Amino acid sequence: MSAPPAFRVVERCRVCAGGSLEPILDLGATPLANAFVRPGTATEDRYALELIRCATCGLVQLSIVVDPEVMFRSYAYSSSASPPLLEHFDALAEDLVGRFAPAGSFVAEIGSNDGVLLRPLVARGVRALGVEPAGEQAAIANAAGLETVNTFFSSGVAGELESARGRARAVVATNVLAHVDDLRDVMIGLDRLLDRDGVFVAEVPYLVDLLDHVEYDTVYHEHLSYFAVGPLRRLFADAGFELFEVRRLPIHGGSIRVHAGRKGARPVGAEVEAMVEAEERAGLHDASAYRRFAERVFRSREALRELLDRLKAKGHGLAGYGATAKGNTLLNYCRIGPELIEFIADTTPQKQGLLTPGTRIPVVAEARFLEQQPDYTLLLAWNYADAIVRRRADYVARGGRFIHPIPLAKVI
Ligand code: DWN
Ligand code: ZN
């Protein structure tokens, strides 16, 4: 018998500890988004996938927290499998070295995956160290000579690192804060590990982009928090830090890169306050914005189902591209299985040969996709639409068409 599902229900906001949490979107019960299954395996556990919003500080979050040991110890997602990310992290390394952490300095990265940022840092002479809970990803990094400690980051781990190596000029966490339940403990860890005038750099998906572009598929159990600048600034301020720079980035459908230091250590850019004010003006604190969002999500599902059903009824062959975590929210919520989408192509070796969780669509290598030349291909990695259409110009030249699923499905 399998062990009972391991999760806890959120009763207090993880930023402000407020207890007034309002439901905003229910996506049903879905399996874990990166729990790709081996053919022949029994059914996978499902967990409620519901967004709630803290009425006190505005943090949008999930209503439950699945045990991180279950989600992240064995983890299929490899950053280096997405070519645009190599460029993204090379540019980040260049900026870090140029402005905050010159060659020779110590930089720690939380959630370093397979070393996609450690590599360009080390290449620039930085003493870079990763902390990564996913066993396979940490092993890939270590095998490549990119030093990685295979554990979850915590205040305890930060203390050990500081004792062994001293304080870091910079601590980096890209697409990590959204995944962490105990953010206050991360702040304590940061205080232990960071130099007096060191810099913390984080990237998180931006709530404004999620709402504007109906990116409901980026909601899955790994993403516990959906940040706007307002709640994020409060999280840092409560721990004695200060956001001093915020920039919007197109990556992952729209993210923000925030820079924080100890309170008063650096001049605060005017854009920080301006973004908080813009969020207020955009209605991020009004219940009506979330009601409108939930309606748009519903319409998005209708439009996608309608398009795929119509193409299938005409006898067209359909496939998917990018066996993404977000794709698994989309496929489960829209109830799209192998009867509609025959297979999904993905460059990640660890995902190939497996089935999508909940919907059981086979994940295959790109070679199969090119051989079979499906008439239409659903872009489940729509965040890389331009790069994928360029990379698979061969498929398009032979008459293949991609479908972009959100906000309303369309053939591109
Ligand atoms: O926060 C998270 C984000 C940053 O990454 C994680 N919790 C999990 C993951 O989410 P995702 O799986 O939705 O991420 P991506 O980056 O959209 O995944 C892209 C997928 O598509 C990868 O499996 C690689 C694949 N791919 C491909 O087959 N050919 C990607 C590109 C660009 C390609 O050309
Ligand atoms: Zn709150």
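Just follow the structure's listing: the first ligand is 1, and inside any ligand the first atom is 1. If you're wondering where the values come from, they're calculated on a predicted model, not measured in any experiment.
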Original post:
Protein N/O/S atoms under 2.8 Å of the Zn ion (ligand 2)?
Top reply: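 Checking every protein N, O and S atom gives Cys13 SG, Cys16 SG, Cys54 SG, Cys57 SG.
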Subject >> Reported CG-to-OG distance for the pair Asp182 and Ser155, which is rounded to 0.5 angstrom >> reply: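 Asp182 atom CG to Ser155 atom OG measures 8.0 Å (nearest 0.5 Å).
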Do [X] and [Y] have their ring centres less than 6.0 Å from each other?
X      : Y      : value
Tyr75  : Phe72  : yes
Phe227 : Tyr206 : no
Tyr395 : Phe402 : yes

Original post:
Can a non-hydrogen atom of His223 be found less than 4.0 Å from any atom of ligand 1?
Top reply: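 Checking ligand 1 against His223, which is what was asked, there is a heavy-atom contact under 4.0 Å.
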Subject >> Heavy atom of Tyr75, distance to ligand 1 below 4.0 Å >> reply: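 Checking ligand 1 against Tyr75, which is what was asked, there is a heavy-atom contact under 4.0 Å.
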Ligand-side contact atoms (ligand 1) for residue partner [X], heavy atom cut-off under 4.0 Å:
X      : answer
Pro84  : 32 (C)
Asn175 : 1 (O), 4 (C)
Glu222 : 6 (C), 7 (N), 8 (C)
Lys326 : 11 (P), 13 (O), 14 (O), 15 (P), 17 (O)
Lys351 : 22 (C), 23 (O)

Original post:
Using a heavy-atom cut-off of under 4.0 Å, does the side chain or the backbone of Thr348 touch ligand 1, or both, or neither?
Top reply: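 Side chain only.
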Subject >> Location of contacts on Asn383 toward ligand 1, heavy atoms closer than 4.0 Å >> reply: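 Near ligand 1, Asn383 shows its side chain, while the N, CA, C and O stay back.
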Original post:
Does Arg266 count as lying over the ring of Phe244, i.e. NZ or CZ under 6.0 Å from the six-ring centre, within 45 degrees of the axis?
Top reply: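 Because its charged atom sits under 6.0 Å from the ring centre and within 45° of the axis, Arg266 does stack over Phe244.
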